[in-house]
Amino acid sequence: MDSVLDLAAANLLSPMILFFALGFFASMARSDLSIPEAIAKGLSLYLMMAIGFKGGASVAQFGIDATLLKALAAGVVLSAAMPLIAYRILIATTSLPKVDAAAVAAHYGSISIVTFLAMSEILKSAGIAAEGYMVAVAAAMETPAIMVALWLAHSTGKAPEGKASPRSGGIDPEMVREALLNGSIVVLIGSFAIGCITGEKGLQSIAPFIIDPFKGVLCLFLLDMGLIAGRGLRDGARNLTPGVIAFGLYMPLIGATLGLGSAWLAGLSLGGSALMITLAASASYIAVPAALRLALPEARPAIYLPLSLGVTFPFNLTFGIPLYLALAGLIH
Amino acid sequence: MDSVLDLAAANLLSPMILFFALGFFASMARSDLSIPEAIAKGLSLYLMMAIGFKGGASVAQFGIDATLLKALAAGVVLSAAMPLIAYRILIATTSLPKVDAAAVAAHYGSISIVTFLAMSEILKSAGIAAEGYMVAVAAAMETPAIMVALWLAHSTGKAPEGKASPRSGGIDPEMVREALLNGSIVVLIGSFAIGCITGEKGLQSIAPFIIDPFKGVLCLFLLDMGLIAGRGLRDGARNLTPGVIAFGLYMPLIGATLGLGSAWLAGLSLGGSALMITLAASASYIAVPAALRLALPEARPAIYLPLSLGVTFPFNLTFGIPLYLALAGLIH
Amino acid sequence: MDSVLDLAAANLLSPMILFFALGFFASMARSDLSIPEAIAKGLSLYLMMAIGFKGGASVAQFGIDATLLKALAAGVVLSAAMPLIAYRILIATTSLPKVDAAAVAAHYGSISIVTFLAMSEILKSAGIAAEGYMVAVAAAMETPAIMVALWLAHSTGKAPEGKASPRSGGIDPEMVREALLNGSIVVLIGSFAIGCITGEKGLQSIAPFIIDPFKGVLCLFLLDMGLIAGRGLRDGARNLTPGVIAFGLYMPLIGATLGLGSAWLAGLSLGGSALMITLAASASYIAVPAALRLALPEARPAIYLPLSLGVTFPFNLTFGIPLYLALAGLIH
Amino acid sequence: MQTYPKKRIDIMIEAPLMARVLATLDGNGVTGYTVLQAYAGRGQDGPWHRDGVVGRAGALVQVFCIVDESRMDAVLDSVFEVVSRQIGIVTVSDVEVIRREHF
Amino acid sequence: MQTYPKKRIDIMIEAPLMARVLATLDGNGVTGYTVLQAYAGRGQDGPWHRDGVVGRAGALVQVFCIVDESRMDAVLDSVFEVVSRQIGIVTVSDVEVIRREHF
Amino acid sequence: MQTYPKKRIDIMIEAPLMARVLATLDGNGVTGYTVLQAYAGRGQDGPWHRDGVVGRAGALVQVFCIVDESRMDAVLDSVFEVVSRQIGIVTVSDVEVIRREHF
Ligand SMILES: Nc1ncnc2c1ncn2[C@@H]1O[C@H](COP(=O)(O)O)[C@@H](O)[C@H]1O
Ligand SMILES: Nc1ncnc2c1ncn2[C@@H]1O[C@H](COP(=O)(O)O)[C@@H](O)[C@H]1O
Ligand SMILES: Nc1ncnc2c1ncn2[C@@H]1O[C@H](COP(=O)(O)O)[C@@H](O)[C@H]1O
Ligand code: NA
Ligand code: NA
Ligand code: NA
């Protein structure tokens, strides 16, 4: 237990978390600090490219085995199953309308890649190796939750169809294509593939760009995430009831538990398990909101965005990460 | 004297100054070269983050002593006193209306962080150490000058109040809050604090991002500053009388002398003195103009911007820096 | 022949080309991946600054000789002569109107700096040195082709003058000034000059910015070029007849042959020859289109942009580069 | 100078919906349209700012389109169908153009 | 399609003043507004360009707001109070909207 | 609040032409103008998007200018001369302004 607390303290006092906190409190204090959208997008592209490439190069070096398939399958099942659980809990414990409950559920089935990055850095600092293909698992977990949540919203029959044209509701193939080909996933998976192809040699040739400054760039990016999360919470807190906020804090723990089981079933290493738990515990705030605005416009972003960004994301980053690493230790 | 000239020559032929000159002449020749606003803002955030963090980490390493408080106090006093001097000189030697004189005075009391960065680099190349907390002194010197100048403008009674609503004139608390929480200061002081907390270990973990490429990034940023300064001078020179231009060249020397005295009183090291002198000699072109557009809209940006950006900034960067370093040598 | 194939394979499997391919196929698959304009502009500035500076520093180190002048002269002659050849071929083999033929011809006389960068990287990986002043040759080759093409368009008399005002046609001095002072050229030549002045010492001081991460940044930039080229081809392919597409594939070979001759005449090294051949073979898609929209608005961008960007650029990057290096080997 | 009366349709829409609105305009045979990116705003759902938004959701774009009056109703009907379930503000105003052929 | 007449108020203002103008609009109970970022311009004080400006000062933003005619005068009066001492251009024009409830 | 009728001229133009159009406006003695950067669009020549364009060519900017009716024809004539050979859309609409001196 000692080491969990040590880990937690070390995490809270790392530059990454402190920059996040700086952004968070700057927003709360209504500072005019902001990072231009173009820069934030550029940093995010860089992070996807770097993490994908490194994962691919590591696969090229250590090879793949049956665990890859098991981990992928576990990820997809988790992403599809968690919204069902989340939805039931929300209906039972909060007064959210069904359509909002389905929308929130989708976020918790999907993942936050930044939380994944933060866990990867913690593992790296602690000298714990992880399966390189976990980035592919991360990519695979982004979308299934959206499909399940849409099915929930429409099958429970309460989505107000109104005068909507057929193509603005339901799961149409165009939407699936869009979700699968969204920019971040393409860069992540594409860089992963390039890493696999060019291997250690390719990695060496661009290491001064994608490895050396990585952690510093992540700090700058987390400063921006802190600004956004703080703003989200500041503007959005009044829309969240205590029951909903509580959900944003315990649902990650439920996800983490399921992630732990999946990691164990798939036979992942300590580092891989920590990443799988983190993915399960994390909630989306990019891919899912964008998809839902198109496919489930009745669901209110003013509920799901502050919850995922302003409550769950900071919780995972600060307290979740050391806890999930400790959890992973239970099966190794 | 020899070594001053050597220093001056070395400074003029450094990549930093040459990139500044490239930008300056490109603007003068009406090239369409420009650096997108988002990139310039991103570079500036990076520079604030890096300089703040490094300062903080150095404080963590070497500790603080009473000099810190003395230097902070000296900085605040300087920032508040210089506008009074500058204002009197302007009223006595130029035909600027009082409101413009007060506005210009505010700029010379406040500071230019880029000039500070350039001096830091020169010190680093010359192997001269400086107190890490000088970045905190820089931050503390940004705002007092604005308050004093507003008081000048309003107390000399000539600010045309006209039909203005009460909240668009005077020193209201909201404005003070805005000035203190402006983005650059938050990043500078926040990174300083993070550097203090995470110390040498934190610095090492992000050094490949914030230390190694620092000088190169500064060169690119100075290219942009050159473009902006050149454009400012090109479009604005016609608004400046010879008396005003002369003020833009000798006021830094007055500031430098006062800075020298303060550095001596505060007991700063050679490097710290050079930085203090540079801060006193430099003139703001970011924080002060933004604040004045709100609080003193009658003052003409067409006067104060070209003067600070197109006259004083290039002067300090090219001739000022070696001179200020030599001045610092007088008390060590 | 073996080694050419090896080289070709190595090139095709390098991270640079794979990132280009990733972008290309992402566009083709209509992914929403995009790189913000400001980031793309920032990356491009960085690349110009880095390549210019390195070239200049290498000139400072190895000195210049008569070859420099010969290479510059050869470059200017090539840039002016190739549009004449290209124009004739287009008129003879395609049904393009004269004004479009002249416009296309201008692109093939001018150069693509990114193709040049890619060749430089290949040379660097292969440990082949090249004359640092080749960046100056590249800059010198950008503009002459435009002048010749405008003269072609107007002298062949078929440019529909219509009710156009005199200043919107012909070669006016303002346009020449604009073309010579365009942003990329100013940064390239300016950084070259700064590299010459500050030499190896200057280079060392900013190497962690302009040398170490260079290849990685180029990969990210090529991802964007792939996106743009793919989009250009996707939207523009229907405007291109087979004859025009074929021209986009064999004209680089004609250019390469002329480049080979010029390199031989100028007495360039193996690396320098490979770069000269690459410049001759490459086609512009930045400077020339911008100039033509002003000076030859009747020419259709829907023809010249997809041809240069979507056909010739990918061809050069993938198959051209190893071939041109092999060609350079013929004279060494 | 001779000018001709046309209608300008302005559609403020969330960025993720942009592709769908443009496809609708394409399907209605308008001769062209232009998109501007909004920077910040506030509505019934609270404020937003481009620099404070992650991903595409949340930020708005403004699509405008100059059309002949004769085509206006058809365009409005089909645009309305797309935006009726989402955030979307549509305005119409009178403009004069100087090149008639273009619209 | 049924449309309803409203007024569109456009306010060009220096970026540092934006927060103050938006607060004024908020205080006047307008249902919403949108801000666009201008790129360049020229006025009596000379030219400016977004890429050539340091800090926030100098660049302009354009705030627009669709309001009911009944509310227009109140909005204009209070906006004018804010912009009267600064650079600021305010225009009003007629538009038709398709969703009446929104404004 | 007292307002005064003016004309708003909007000129959509390719970015490389911007300098020329602004010089024309300067030459016509307009009191000022503002430029917005467009983000994407489609016309007879197909679609474009700011993030998918290399260099300056291809992207559009929108120049607008509030002028007095008396000056409108002169401005339109000379702008038309510049844009007649290029891509360019010019519209004119009615606006009311609150500060008469400014235009
Ligand atoms: N009256 C209005 N005038 C201009 N823009 C508006 C107005 N109302 C809403 N908007 C814009 O539309 C967005 C969504 O509005 P709403 O659906 O009311 O939340 C806001 O964030 C604004 O950018
Ligand atoms: N007549 C006008 N039409 C459009 N924009 C204008 C006009 N006059 C001024 N502006 C804009 O308002 C800014 C300030 O104008 P001024 O206060 O005249 O210096 C200019 O830089 C332009 O961006
Ligand atoms: N009817 C229209 N309404 C608004 N913008 C248009 C219209 N037609 C063309 N445009 C814009 O002008 C550009 C060039 O149009 P075109 O000359 O038809 O290719 C397009 O890419 C659009 O951005
Ligand atoms: Na999850
Ligand atoms: Na000062
Ligand atoms: Na060529």
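A distance-only check finds no donor-acceptor pair linking the side chain of C:Arg30 to the backbone of A:Leu181 [under 3.5 Å]. Without hydrogens or angle criteria, C:Ser31 side chain to A:Asn182 main chain gives no donor-acceptor distance under 3.5 Å.
Contacts from residues 15-28 of chain C to chain A, taken as heavy-atom pairs separated by less than 4.5 Å, involve C:Pro15, C:Leu18, C:Phe19, C:Leu22, C:Ala26 in sequence order.
Across all their heavy atoms, C:Cys219 and A:Met49 have their closest contact at CB-CE, 3.9 Å.
Taking 4.5 Å as the limit, every side-chain heavy atom of A:Ile206 sits out of range of all side-chain heavy atoms of C:Val217.
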* Asked: Where do A:Ser205 and C:Glu121 land on the side chain to side chain contact (heavy atoms under 4.5 Å, CB included) test, with the steps shown first?
  -> CA-CA 11 Å; A:Ser205 75; C:Glu121 274 309 305; over 6 Å; no

* **Candidate pair C:Leu33 and A:Ile185, rule side chain to side chain contact (heavy atoms under 4.5 Å, CB included), full reasoning** => CA-CA 9 Å; C:Leu33 177 59; A:Ile185 294 201; over 6 Å; no

* When you look at C:Asp32 and A:Glu178, which way does the side chain to side chain contact (heavy atoms under 4.5 Å, CB included) test go after all the steps? -> CA-CA 8 Å; C:Asp32 71 348; A:Glu178 268 176 25; over 6 Å; no

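Ranked by heavy-atom pairs shorter than 4.5 Å toward chain C, the options A:Gly195, A:Gly202, A:Ser191 are led by A:Ser191.
One distance of note links CZ of A:Phe209 with CG of C:Leu218; it measures 10.5 Å at 0.5 Å rounding. Between atom CD1 of residue A:Ile194 and atom CG of residue C:Leu13 there is a gap of 11.0 Å, rounded to the nearest 0.5 Å. Distance check: C:Ile39 CD1 to A:Leu45 CG gives 8.0 Å after rounding to the nearest 0.5 Å.
Neither the backbone nor the side chain of A:Ile210 comes within contact range of chain C; no heavy atom of the residue lies under 4.5 Å from a heavy atom of that chain. Neither the backbone nor the side chain of A:Tyr46 comes within contact range of chain C, judged by heavy atoms closer than 4.5 Å. For C:Ser34, the parts sitting under 4.5 Å from any heavy atom of chain A are the backbone and the side chain alike.
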